[in-house]
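Atom set for the values below is all heavy atoms of this structure, side chains included, hydrogens, waters and symmetry mates excluded. Each chain gets a letter, A, B and so on, in the order the sequences are listed, and its residues count up from 1.
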Protein chains: 2
Amino acid sequence: MGKKQPDSCGLGPALEVIGGKWKALLLWQIHKAPARFGELKRLVPDISEKMLIQQLREMEADGIVHREVFPEVPPRVEYSITEFGIELDNALIPLARWGKQHAGRSDGQGHGKASALAPQGL
Amino acid sequence: MGKKQPDSCGLGPALEVIGGKWKALLLWQIHKAPARFGELKRLVPDISEKMLIQQLREMEADGIVHREVFPEVPPRVEYSITEFGIELDNALIPLARWGKQHAGRSDGQGHGKASALAPQGL
DNA sequence: TCAAGTACCGACAAAAATGTAAGCCACCCA
DNA sequence: TGGGTGGCTTACATTTTTGTCGGTACTTGA
């Protein structure tokens, strides 16, 4: 256990970092422009606050977004993409392109399991 | 609902196709060489037969792998990668590279949720 | 006849991811 | 004093995903 198999590519770590229902979308938004909590909430209306904060925290822990608190009044927290996040974003471009090109083959629904992993407008 | 948001990249469809715990690993194996059911079971020992067949079926439905039955005795079923699958594979290369390069920053564990999405030796 | 191999199917259950709803704290405005 | 905003936190429930285990149909070999 914990042992890597000899034939491993780097997809495991990568999918851990952008996998799930929201991360890619959030990275995409934050990449377009830094945004504050409430702003992201508006940009991605279907996400719950719990998920939003949770994903943001994980992305911060993974070093792909940066969180900055401005001790103003009213309080302001801004999330921005890091260098590391930009690299990830670039690495995602070909994949996004593939998805875009070939979206809509057996589209509409895939095979009845379209909700938990990456739905929305990604 | 079901309406696409104006600012959508192609990651949604793509992540539906290779997201989850096993698909990337399976695609990776099948890409290296066509393989039969039992062979894949041996190559990816931790997957259950149910998951194996389920993922293979979905990947077949998504057009990234091809399933061919040889009416021999004993029966033989071979899974191979399609053109479409190869394109996906290529689109995954940068992501894999990113993951490989940066695996092991806060590694060992990410943030306590390392099992369901892409674990193993990807 | 019995065991073993191949490629599955399907009921059920555990685990993981996501959602809901309520509340907290600090501050402003009226 | 009450209500509103911003950025959260927490407990609990639901949905999705994955796993376990047993069974099927066929055939070869002992």
Choosing from [options], which nucleotide comes nearest the side chain of [X]?
X	options	value
Ser48(B)	dT20(D), dT18(C), dC8(D)	dT20(D)
Phe37(B)	dT28(D), dC8(C), dG19(D)	dC8(C)
Arg67(B)	dT27(D), dT18(D), dC8(C)	dC8(C)

Atom-to-atom span, [atom1] of [X] to [atom2] of [N] - whole angstrom:
X	N	atom1	atom2	answer
Asp46(B)	dG19(D)	CG	C1'	12 Å
Glu49(B)	dC21(D)	CD	P	13 Å
Glu72(B)	dG5(C)	CD	P	19 Å
Gln55(B)	dC9(C)	CD	P	14 Å
Leu52(A)	dT9(D)	CG	P	11 Å
Arg76(A)	dG6(D)	CZ	P	13 Å
Glu39(A)	dG6(D)	CD	C1'	13 Å
Met51(B)	dT17(D)	CE	C1'	6 Å

[X] side chain N/O closer than 4.0 Å to the phosphate oxygens (OP1, OP2) of [N]?
X	N	result
Lys21(B)	dA16(C)	no
Arg36(A)	dG6(D)	no
Lys41(B)	dT6(C)	no

N-O pairing of Arg67(A) and Glu78(A) below 4.0 Å: no

Within 6.0 Å of CZ in Arg97(B), more than 12 heavy atoms from elsewhere: no

Sugar-phosphate, base or nothing in reach of Tyr79(A), heavy atoms under 4.0 Å: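 Sugar-phosphate, backbone atoms only, no base.
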
Touch class at under 4.0 angstrom, heavy-atom based, for Pro74(A) against every strand present: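 No contact.
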
Nearest-nucleotide comparison on DNA chain C, the residue closer to the 5′ end among Gln54(A) and Gly38(B):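 Result of the comparison: Gly38(B).
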
Heavy-atom closest pair, residues Ile18(B) and Leu92(B): CG2-CD1, 4.0 Å

Smallest separation among heavy atoms of Leu15(A) and Ala24(B), with atom names: CD1-CB, 4.1 Å

Ring center gap for His102(B) and Phe84(A) short of 6.0 angstrom: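 Yes, the ring of His102(B) comes within the 6.0 Å limit of the ring of Phe84(A), centre to centre.
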
Lys50(A) vs Ile53(A), nearer the 5' end of DNA chain D by closest nucleotide: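 Going by which nucleotide is closer to the 5' end, it is Ile53(A).
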
